[in-house]
Amino acid sequence: MIERIDELMLQAVADTLENMAFMEVLRDNGPVAEFDRQFQGKESPGESGAGGDGDGTGSAGNCMAADLLIHDPIQGELRLEMSKPLVMKVAAAVFGIPEDDVSEQTMVDIVSEILNTFAGRFMNAILQEDQAFQLGLPEFDQFCREKHDQPKKLWRLRMDGEPLRVLLWGDFKL
Amino acid sequence: MKRIVIADDSQTARMFIRRCLEIVGLQNATIVEANHGKEALVLVKEAPTDLLITDLNMPVMDGQTLLKWVKASPRLAGLPVLVITSAGNPAKEKELLDLGAFGVLGKPVSPPVLMAALEPLLHLQGGEND
């Protein structure tokens with residue numbers, strides 16, 4: 001059983017983002033529905049726009065996401081979802097440029113690289129020292145689609161007041 | 001140190017390493033970037049290079065294959081190769097060092113950690129700003 005998985009994941013994400021962007025990552029302890037609503041850009045429960053067709057409202061409008069497969073020794077998948085304003089802030093901090101100058105391509109790359117980095121740190125933390133692991137290449141999800149399968153674990157976090165989520169699927173013994 | 005090649009499929013990672021190199025005093029080096037191992041191999045062959053920094057997980061040619069190619073080449077075998085990766089652990093680190101890597105660091109690398117890793121190399125080459 002993986003002990004302290006919550007702590008290990010939070011540490012992996014925090015170490016990554018604090019080193020890259022000098023920004024603190026905290027758990028979100030507020031109401032879940034309110035978190036998800038903010039994260040997906042919905043102002044009220046009745047608002048539409050969850051289709052993710054890039055119409056600028058709902059989840060696709062405010063969310064950027066990337067997925068990464070874990071191949072060995074555990075089969076699994078990690079997903080990172082961040083609000084667009086947060087991605088812009090991190091990109092501006094990493095590249096040392098004004099937020100207005102952050103390109104879409106840079107934002108895509110940042111999300112992928114953050115996922116790639118904390119995925120490695122997380123796997124190192126949960127495996128034995130002599131256990132090698134293999135990760136796939138991060139894949140950006142253009143439409144920030146909701147996954148069909150319920151994740152095994154979901155972490156709701158905040159950075160500079162903005163939301164991010166980490167989702168985990170796979171043969172992890174929790 | 002005059003010329004450094006950075007191989008990583010992430011623009012963010014390459015920028016981050018570049019900034020760390022500038023902070024540790026290598027701002028005068030020519031820094032050339034590659035998206036993957038095959039591109040990096042072309043770059044290190046085309047001009048004398050003092051240091052190759054590479055990620056492991058890359059498309060087309062990964063970092064471990066790149067390391068093997070470099071160390072198998074009579075002309076390039078002496079090129080220091082520093083691996084900076086999120087996919088490393090003690091077992092992988094040993095494997096890479098046995099293949100001839102100069103060092104293995106975890107992402108995200110920080111300037112002090114990079115400096116400590118490069119110090120022996122800078123000492124051998126006679127300083128950072130030649």
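Residue numbering restarts at 1 for every chain, and letters A, B, ... go by the order of the sequence lines.
In the displayed structure, W69(B) atom CH2 is contacted under 6.0 Å by at most 12 heavy atoms of other residues, nucleotides or ligands. Counting heavy-atom neighbours within 6.0 Å of K71(B) NZ, excluding the residue itself, gives a total above 12. Counting heavy atoms of neighbouring residues, nucleotides and ligands inside a 6.0 Å radius, atom CD of E139(A) does not exceed 12 of them.
Within the structure, the side-chain hydrogen bond (donor to acceptor under 3.5 Å, both in side chains) test picks out the following pairs touching residues 14-23 of chain A (sequence neighbours left out): Q11(A)-D15(A). Applying the side-chain hydrogen bond (donor to acceptor under 3.5 Å, both in side chains) definition to pairs two or more places apart or across chains, none involves residues 121-136 of chain A.
A 4.5 Å side-chain heavy-atom check between F118(A) and K107(B) finds every atom pair outside the cut-off. Using a 4.5 Å heavy-atom cutoff, the side chains of T12(B) and V94(A) are in contact.
In this structure, T117(A) OG1 and D55(B) CG are separated by 8.5 Å, a value rounded to the nearest 0.5 Å. The CG atom of D8(B) lies 8.5 Å from the CG atom of D109(A); values are rounded to the nearest 0.5 Å.
Neither the backbone nor the side chain of M123(A) comes within contact range of chain B, judged by heavy atoms closer than 4.5 Å.
Heavy-atom minimum distance, T106(A) versus Q11(B): OG1-OE1, 3.6 Å.
The interface of residues 13-23 of chain B with chain A, defined by heavy-atom distances below 4.5 Å, comprises A13(B), M15(B), F16(B), R19(B).
Panel note: side chain S10(B), backbone E113(A); no donor-acceptor pair is recorded below 3.5 Å. No side-chain donor-acceptor contact under 3.5 Å links N116(A) to the backbone of S86(B).
When hydrophobic clusters are built by joining Ile, Leu, Val, Met, Phe, Trp and Tyr residues whose side-chain heavy atoms come closer than 4.5 Å, directly or via intermediates, V109(B) is grouped together with L122(B). Linking ILVMFWY side-chain heavy atoms closer than 4.5 Å, directly or via other members, places L164(A) and I114(A) in a single hydrophobic cluster. In terms of hydrophobic clustering, with Ile, Leu, Val, Met, Phe, Trp and Tyr side chains grouped at heavy-atom distances under 4.5 Å, V83(B) and I4(B) are assigned to different clusters. A single hydrophobic cluster is not seen to contain both L115(A) and L56(B); linkage of ILVMFWY side chains at heavy-atom distances under 4.5 Å, directly or through other members, places them apart.
The side-chain hydrogen bond (donor to acceptor under 3.5 Å, both in side chains) search around D98(B) returns K94(B), not counting sequence neighbours.
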